[in-house]
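Taking it in order: structure first as structure tokens, then the write-up.
Numbers for residues simply follow the sequence, beginning at 1. Computation of the quantities below employed the complete heavy-atom set of this structure, encompassing side-chain atoms and omitting hydrogens, waters and symmetry-equivalent molecules.
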Amino acid sequence: MMEKGEDFLEEYSEPIQEAATPLLSVGEFVQHPEGNTQYQIQRVVTVQGWLCPYVLYEVREIPASSKAPESSSEEVAETEQLTPTSEEPEATKRDVETPIEEFPVFWLWEAGDPERVAWLRKEADIFSNLNSPLFPKVRAQFAQGERFYLVTEPLPEKSLEASLQQKELTFPDFLLILTQVAQGLVHLHQAGWVHSGLQPSCVLLGKPVKLVDLRQARRRDETELDAQGDVGVDVFSVGAILYRFIRGGPLLEAEISLTELQCRYAGVPQILHRCIGPKGDRYPNLQLLHEDLKRLRRRYMPNITYNLFGATTIGLEPSRTTNEDAYGYLEGVIQTESESLRWLIACVADGMGGMEAGEVASEAAVKTVLKEATKTIQAIRSLPSSEEQARWVKDWVHKANESVCEAMKNRRARGGTTLSCAFLLGKRLAVAHVGDSRIYLFREGNISLLTRDHSLAAVLALQEGKAGDLQYIRSHPDRDRLTRSLGERIPLPDYFVEGFSPEVTQKATLELQDGDILLLCSDGVWEPVTEEDMVRVLQKHGDNLSQAAFEILDLVLQRGARDNATVLLVSLKERQPVEVIIQAGGEKDAESRPQTSSNAPEGSDG
């Protein structure tokens, strides 16, 4: 049974407050006391589901040596100046204006009355002393008269409270959020603080989440048993958030006992019992709760698997005595503090140069990418952002270029290679590409080219408005003349290694779906084999990648195979987790069901 009474109300309460009133207007400046930085207000920020006790502004940080464009009279309202002065700031006297978009964006937190100033000072001190990505990163803090300001990185503008109200989270997604919340509390407790006021509104939904609203935070009492003292309040709060998701409503004093709770997720009742059950049974610390949440999340994570098969042929041209194509791949599992995730790197290279120089160049490029990928992934402590993932695979290609140049220098030969790489983290795909080898995506009967050829034919197609006309490039007499390849020079400029074609996406990564197939190939494949041929083969043999790869190469050979040809296929499969209904402390129905069963309770993903 869950305990009720005064202790319950003391453990899980939130102070009633009014929203803070903005004291600044759009376009106004706040001068840092040191005088070398000012912050121009861009807008007032409202976070969905969080009644913030402070005013939040989005600002641009402008050095005093720069000049930002002046705001129009319509944008700037008359208001009290924070730092009265008879002259304009030095920055506004300069003749040269810098576009406002070039200045970095931050959030400015404002507290205007003594109580809120005390709260914000405490939060600023805690944030500053925490080296955790799960809390706001502090840029600056300072007083301005009776007001206090905190400058942080921009934060997500939606809270867990808003998502729970909208019932938009799947159970695996919610578990990831709650696991990160528990991890953040571990970091907070290790720094000597407890949150004491954790609510869904305090959790801002980013990647990762950010924990805020620490006005009720207090120093951790090391002399008390954690389950009975301050740490126990945070344990209880995590359990209350979990309970709310399962039940679809907040935890109330008069709730039913946990033994009567109908829950469709095995493992949840046990965690709830150790969070909101009798105090003597609760987790003694957040580390144990965090570990149990990680185990539970792994149980309900969709199981991502990759299938791969590659094949290559020297072709039928009598003068080609070596196969200058190369391909390779690696896959594994990344295990971080909060989760595990499958990864895969696959690449195809087409060497050039003759006298075995092309063969050496392509092999050096592929081996270097796989080596650099292994080094990077072994050093991972937390999962990268989309931008970091895309940057990594491009960095590996830059390293491959260095290896190709070194190999050509050692052989005193002139040579180079194309290189196309696909890097998967779970379902998230990043690519890096130089030359005219290609990466295609086959999805639901359609195929799309993810990369853009670096060839004279592709440049001419772009100039003539035929960038998407693959047949034009395929039949152009200059299709073999490359505009970029590895082995030309060291270092390569950043733009040299491209990601996705701009026609596909402007984002750093692409999210794949269950059943998607990536097709990486050299020009020896895509010149004789059309996209229609690829679709027909993959529709016929999508579940047997070896058969699909051999049939594609058979088409190449049937059509003359004047060049080396290589194809590498990667398919993604996603198996959804199964579940059982747990009621009255045991299994009600031992038969597994998909998560979309119609008896899903409110607040879940059903």
Side-chain angles (χ1 to χ4, degrees), residues 1-5 7-8 11-12 160 164 167 169-183 185 198-200 203 226-228 231-302 338-339 576-606:
M1 289 286 289
M2 183 175 56
E3 292 188 347
K4 308 179 180 68
D7 288 345
F8 168 86
E11 285 179 319
Y12 200 62
L160 178 57
L164 290 177
K167 298 180 172 63
L169 294 171
T170 65
F171 185 58
D173 288 343
F174 170 76
L175 272 183
L176 172 59
I177 293 168
L178 199 63
T179 302
Q180 291 180 353
V181 169
Q183 183 180 355
L185 292 175
L198 181 70
Q199 297 277 347
V203 182
D226 282 346
Q228 306 292 334
V231 171
V233 176
D234 283 352
V235 168
F236 184 94
S237 297
V238 173
I241 294 174
L242 176 58
Y243 184 91
R244 176 171 174 180
F245 180 87
I246 297 300
R247 289 286 294 166
L251 181 62
L252 302 175
E253 182 182 4
E255 281 291 355
I256 60 174
S257 68
L258 291 178
T259 55
E260 298 172 359
L261 173 68
Q262 181 172 338
C263 174
R264 63 189 307 208
Y265 303 108
V268 169
Q270 292 81 2
I271 291 178
L272 283 174
H273 176 76
R274 298 196 66 190
C275 288
I276 61 176
K279 284 186 176 180
D281 295 342
R282 294 184 193 174
Y283 290 101
N285 55 62
L286 258 297
Q287 286 92 336
L288 293 176
L289 172 55
H290 180 227
E291 289 298 324
D292 278 355
L293 287 172
K294 285 197 297 183
R295 280 190 286 269
L296 184 65
R297 181 169 182 266
R298 283 194 288 270
R299 181 186 304 174
Y300 286 99
M301 279 180 63
S338 60
E339 61 182 308
Q576 293 297 328
V578 297
E579 64 190 44
V580 294
I581 297 293
I582 302 297
Q583 186 178 32
E587 295 186 3
K588 178 183 178 183
D589 186 348
E591 180 182 355
S592 297
R593 302 182 181 84
Q595 283 192 301
T596 54
S597 58
S598 59
N599 61 347
E602 282 191 320
S604 72
D605 58 317

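For the atom pair CD1 of Ile271 and CG of Leu296, the computed distance is 4.5 Å after rounding to the nearest 0.5 Å. Interatomic distance, Asp234 CG to Asn285 CG, rounded to the nearest 0.5 Å: 12.0 Å. Here Asp173 contributes atom CG and Arg297 contributes atom CZ; the two are 8.0 Å apart, rounded to the nearest 0.5 Å. In this structure, Cys275 SG and Leu293 CG are separated by 7.0 Å, a value rounded to the nearest 0.5 Å. We find the CG-CG distance between Leu242 and Leu289 to be 9.0 Å, quoted to the nearest 0.5 Å. Put simply, OH on Tyr283 and CG on Leu288 are 8.0 Å apart, with the number rounded to the nearest 0.5 Å.
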| said: For a side-chain contact (heavy atoms from CB on, under 4.5 Å) check, start with the C-alpha distance between Leu198 and Phe236, then their side-chain angles and the critical distance, and finish with the verdict. | reply: CA-CA 9 Å; Leu198 181 70; Phe236 184 94; over 6 Å; no
| task | Any chance you could lay out the side-chain contact (heavy atoms from CB on, under 4.5 Å) test for Val268 and Phe171, step after step, and finish with the verdict? | result | CA-CA 11 Å; Val268 169; Phe171 185 58; 3.7 Å; yes
| task | Could you go through the side-chain contact (heavy atoms from CB on, under 4.5 Å) check for Gln287 and His290 one step at a time? | result | CA-CA 5 Å; Gln287 286 92 336; His290 180 227; 5.6 Å; no
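Contact annotation: the side chain of Leu160 approaches that of Leu169 to within less than 4.5 Å [non-hydrogen atoms, C-beta and beyond]. Side-chain contact between Pro278 and His273 is present, with at least one heavy-atom pair separated by less than 4.5 Å.
Nearest approach of Arg274 to Pro284, heavy atoms of both residues: NH2-CD, 3.8 Å. In terms of heavy atoms, Leu272 sits closest to Tyr243 at CD2-N, 3.7 Å. Of all non-hydrogen atoms in Ile276 and Gly239, the two that sit nearest each other are CG2-C, 3.9 Å.
At distances below 3.5 Å, not a single donor-acceptor pair connects side-chain atoms of Arg244 with backbone N or O atoms of Leu251.
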